[in-house]
Amino acid sequence: MSNDEKKVEKKIGVYICTGCGISEAIDVEKLVNVATEELKVPVCKTNEFLCGENGVQLIKDDIEKEGVNTIVIAACSPRVNWDVFDFGSNIVERVNLREGVAWSHEPKDEATQELAEDYLRIGIVKAQKTEPPEPLIEETSKTILVVGGGITGITAALEAANAGYEVVLVEKEAELGGWVAKYPKITPTKPPYNTLEEPDIQSKIKEVEENPKIKVLTSTKIERISGQPGMFDVVVNKDGNTEEFRVGAIVVATGWKPYDASKLEDLGYGKFENVVTNVEFEEMAREGKLSGVDSVAFIQCAGQRDENHLPYCSAVCCKVSLKQAKYLREANPDSKAYIFYKDMRTPAQDEEFYKAMQDDPGIFLTKSEVKGISEEDGKLVVEVDDTLMGEPIKVKVDLVVLATGMLSSMYGIYTTKEEFPEDGKIPYSHIEQKELSPEIVEEIKSRGQILNLQYRQGPELPTLRYGFPDSNFICFPYESRRTGIYAAGCVKTPMDVSSCIEDAMGAALKAIQCVELVAQGATTFPRTGDVDYPIFFLQRCTQCKRCTEECPFGALDEDEKGTPKPNPLRCRRCGTCFGACPERIISFKGYSVDMMSSIIKAINVPEEEEKLRIIAFFCENDAYPALDMAAMNGLKYNPSVRIVPVRCLGAVNVVFIADALSRGIDGILLVGCKYGEDYQCHFIRGSELANRRMENVQETLQRLMLEPERVKLVQLAITDFDKIPQIIDEFVEQIKQVGPNPYKGF
Amino acid sequence: MEHYMEPDPKFVKDIITAGGKSLKKCFQCATCSVMCPLSPDKKPFPRKEMIWAQWGLKEKLLSDPDIWLCHQCNDCSSYCPRGAKPGEVLGALRAVAIANYSFPSFIAKAFLNPVFLPLLFLVPIVLLGIYFSIFGFHIPEGEVVFSHFIPHEHVEIAGFIVGAYVAVAILIGLWRYWRAITSGTGKVVYVPLGDGKVEQTEGFWGALIPTLIDIIFHNKFKECGEANYRYFAHFGVFYGFILLGISTLGAVVYLLMGRELGLPVTDPVKIIGNIGAVLLLGGCTWLVYARIVKKDKFGFGSYFDWFFLGLLFLVGITGALTELARLAQSTAAYWLYMVHLVVVFALLVYAPYSKFAHLAYRAITMVYEKSGLREKA
């Protein structure tokens, strides 16, 4: 069926909108000539209100009567009216005349007209080269695997099951419940946020166990997971017996583990019997061992926010110590609870809890730095300085509780090759640089795995700072770098019970979205719903392994020779492989090597030396929307720049740059997301890879005997739209300094 | 200065009972100390008092003179982001301090708790009852002349006895207080200014004059932001009370000169007394009005505050009514006179234990500050 469709000859119709100021800025007649005379497009029409009823009807009539099946809309930005200009299976290509030309350049100017004409040429060429996508439909599973039976895992399982999905819940312990089942009370989760609550974990466990859609596997470990979203083959081991099943998506809710307090000897841990951790104190409270305790000093940030221990804040310890102080006060009304904190961190509603606990006359709080903990007459002496009293103080207490921090359960295990490279050199600037020797890596590997993914890039989710699996917590909080696998709860970042519950709900929804999308052959965030996927022309592959190593999502496995084995359902369609391949054997139906070369060729390079031609590759995720925002805000920029949107800067192949420069294009600008530690790249490392490839670009420039200044990469946040004119104009100025491309006219 | 710190939750509760019920709300941002127009640059208050109060650091708080430098402008409370009302906490601390230092201290404790209020009024009523059982009780006929009811000499004698007692009790309290705040401080001769320069200090007597000037002109009250009405209201009460005192002494002088009392309203002594009464009543009314109607802005105050303010108000009202009844030749004047004597007695005899004592403690603390002792401590 699809083969028949392919054979259908394309009939292109170009529709130019003259509304929204387009006809005031551009000579539309000339534009029509470009389509009909220069590019011989069979149908080309103009309309003063193309997105209106008549405009859309005009196109629909042509589809029906003229047999137009490939439509080029030369009107507004592709980011708007995409729903209006949706003509089913017909290919639609958009030419951004409104934001890209009319609103951002001088009206009726020769340069503006040339820009519009080039954009139309690009649009028509793209339409010619676009093939209709053929979704990869496989028989997929919609079962969701939840790893970890704590509060997060239980919530995720219940949410998914209540939404109608089959769930398998795997827990390594014999009982469900995790940490929360071990807490006598939890900090407030509901208004008025000022009293301790009984954790309702037991009722949730019961709910899970009674839910027919949830299969609970306790005392179970995952041996390995292979495959791809919709088709994950999971092998588990329950008491020595293995079992294999297929799932569609995975929620990783393996939680946290406490920091090793034996490293806190300077705070008396291990030295004095009555110095315990907050985890141990919780146990004392559970076992009712507090009635004889008269005074307790809680030391906040014990081994936290400290370069020698955990550099970060575990987010919950302030609340936990306030809660534990209350345990003590309730067990023994004459007791005294001291809380020595660096900063009392109780954000949002937790402030109400802090206020309520602070109101207890037996709870004494002060900011302070601990100077030492010693023993005197069977009591512990806590010495602190920098107190709110303005002087160092000492208190005698029965017990010292160290508020130790949370580590991700993934901390310290072998995750990916890029984090534990064989040569010890970590390639990415946003991954924690650590000293690695082969012996250390071997030791880490021996600690065992959690998911044990059978991926070429490594067995676990990639982690970034501090061993937490990565995601951008504002823009895409649940995404991991393994499609279909979503981290939730404390495995991802330290959080409290209510946040875990909320996080579990979000991750369950993402998992559901994933199984539904992959069933249709579509991808997930950020090109959600995209069915087009990269196709490898493997006969020409040289096994250089760039694609398999660089794919940010580990979508490509390898055979023994190093030939890539694509897993299209793992793919997020960023095109990083497309940008990486030196042989240019990777193409999408709608984003191909041929198309990009044709786009570059479509740009008219005038012979006049003063007329510069610059190509700016703009990332579609943030940079291109920012460009539209600049136009909407009336900002103007140099008209000699041709903006070419790309899926990601990672999808820009060096060969295109070389092609463009050898055709006489004067300069190449790449504008994409911020990379590095606080990256904003929607494909995690596409823009960083693009930056690294700039080395190859410089080689190319040398080979072509061109100046290095002709190519520049700029990082842009979506909020920085106002900087766009400056970025573009400065680059044009830079190219003017360098002078016109000597290849012009060849 | 390192030492074991023993927080006292009981003392925290004492301060709360004495009117500092919001003290635990403080989170030590120090907005109060920044806003306070009276707080000195060095060791500013009331931020530090708030953490001491939260920890129940009794020793520190009782020997803290800064609570008396506060004039209860309430700027701190109205700017406090947590509603901790440092102004009210300092008021409570002053009450606790008076109770701690005054002599004999077991009486003092009765002023912190309203349950003792009936007992406190019972004392002058019983004394009056004893008086009448000795000298007989009858309401005189005819023209209203108070000396026919109770001879003025008896009132004056009782007044001098009460005055002597109050003076002794207050002096003992002050002495204890002074010892506490100056322990560990030597005699201050100079205050270093840096660069080897020193400032010669005033010394106790030298500091007394500027202190009196501050009190006479109410200079500190003038600096208040939020509750600047207090400058006028306190001024009225203060000078009203002084004028009434002068007028009372004038009456004593008349008595010694053998003049019959029951002065006409045109008599200079009576004129002074009536001006005093108007000032006192006006000031009191303003204070009562502000504390009740604008309590969110100025603070309602504690029982301890109200005991003193209420007594003052009653003294003013009963005094005025007594005089009016006398001028109207109503026999009700005798009954009002009795009530007036009871409240005046209560006001005076309880001065060492009630908020009235602030006059002495605050004054001596101002001297303490001006003499450079605070800088040194």
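Only this structure's heavy atoms are used, side chains among them; waters, hydrogens and symmetry mates stay out. Residue numbering restarts at 1 for every chain, and letters A, B, ... go by the order of the sequence lines.
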- [ ] Only pairs at least two apart or in different chains count here, so list each side chain to side chain donor-acceptor pair (under 3.5 Å) that has a residue in residues 8-23 of chain B.
- [x] B/Lys10-B/Asp14
TODO: For atom OH of A/Tyr466, decide whether the heavy atoms of other residues, nucleotides or ligands shown that lie under 6.0 angstrom number more than 12.
DONE: yes
Open item on the list: For a 4.5 angstrom cut-off between non-hydrogen side-chain atoms, does B/Arg82 reach A/Gln358?
Closed with: yes
TODO: For each of B/Gln28, B/Glu6, B/Arg47, tally heavy-atom pairs with chain A at distances under 4.5 Å, and name the one with the top tally.
DONE: B/Gln28
- [ ] Would you give the length of the straight line joining atom OG1 of A/Thr366 to atom CD of B/Gln54, rounded to the nearest 0.5 angstrom?
- [x] 9.5 Å
Task: A/Glu273 atom CD, over 12 foreign heavy atoms within 6.0 Å - done: no
Task: Heavy-atom side-chain contact between B/Tyr4 and A/Val381 under 4.5 Å - done: yes
TODO: Heavy-atom pairs under 4.5 Å with chain B are the metric here; pick the option from A/Lys367, A/Glu351, A/Met344 that has the most.
DONE: A/Glu351
Open item on the list: Can you tell me how far apart CE (B/Met50) and CG (A/Leu388) are? Round to the nearest 0.5 Å.
Closed with: 12.5 Å
Open item on the list: For B/Trp55, which atoms come within 4.5 Å of any heavy atom of chain A: side chain, backbone, both, or neither?
Closed with: both
Task: Per-residue contact mode, A/Lys336 against chain B (heavy atom under 4.5 angstrom) - done: side chain
- [ ] Over all heavy atoms of both residues, which pair between A/Pro361 and B/Pro9 is shortest? Give the atoms and the distance, please.
- [x] O-CB, 4.0 Å
TODO: Look at atom NZ of A/Lys326 and say whether more than 12 heavy atoms of other residues, nucleotides or ligands are closer to it than 6.0 Å.
DONE: yes
- [ ] May I ask you to check whether over 12 heavy atoms, not counting those of A/Lys342, lie within 6.0 Å of atom NZ?
- [x] yes
Open item on the list: Surrounding CD of B/Glu223 (heavy atoms of other residues, nucleotides or ligands, distance under 6.0 Å), is the total greater than 12?
Closed with: yes
Task: Electrostatic pair B/Lys48:A/Glu391 at N-O distance under 4.0 angstrom - done: no
- [ ] Check each atom of A/Asp360 against the heavy atoms of chain B and say whether the ones under 4.5 Å are side chain, backbone, both or neither.
- [x] backbone
- [ ] Can you establish whether the number of heavy atoms outside B/Lys42 located under 6.0 Å from its atom NZ is more than 12?
- [x] yes
Open item on the list: Less than 4.5 Å to any heavy atom of chain B: does that hold for the side chain of A/Ser295, its backbone, both, or neither?
Closed with: neither
Open item on the list: Can you confirm whether more than 12 heavy atoms, excluding those of B/Glu59, are under 6.0 Å from its CD atom?
Closed with: no
Task: Shortest non-hydrogen contact between B/Ile51 and A/Leu365, atoms and distance - done: CD1-O, 3.5 Å
Task: Greater than 12 external heavy atoms within 6.0 Å of B/Lys295's NZ - done: no
Task: Distance (rounded to the nearest 0.5 Å) between B/Met5 CE and A/Met389 CE - done: 5.5 Å
Open item on the list: Under 6.0 Å from the ring centre and within 45 degrees of the ring axis: does the NZ or CZ of B/Lys24 meet both conditions for the six-membered ring of A/Phe364?
Closed with: yes
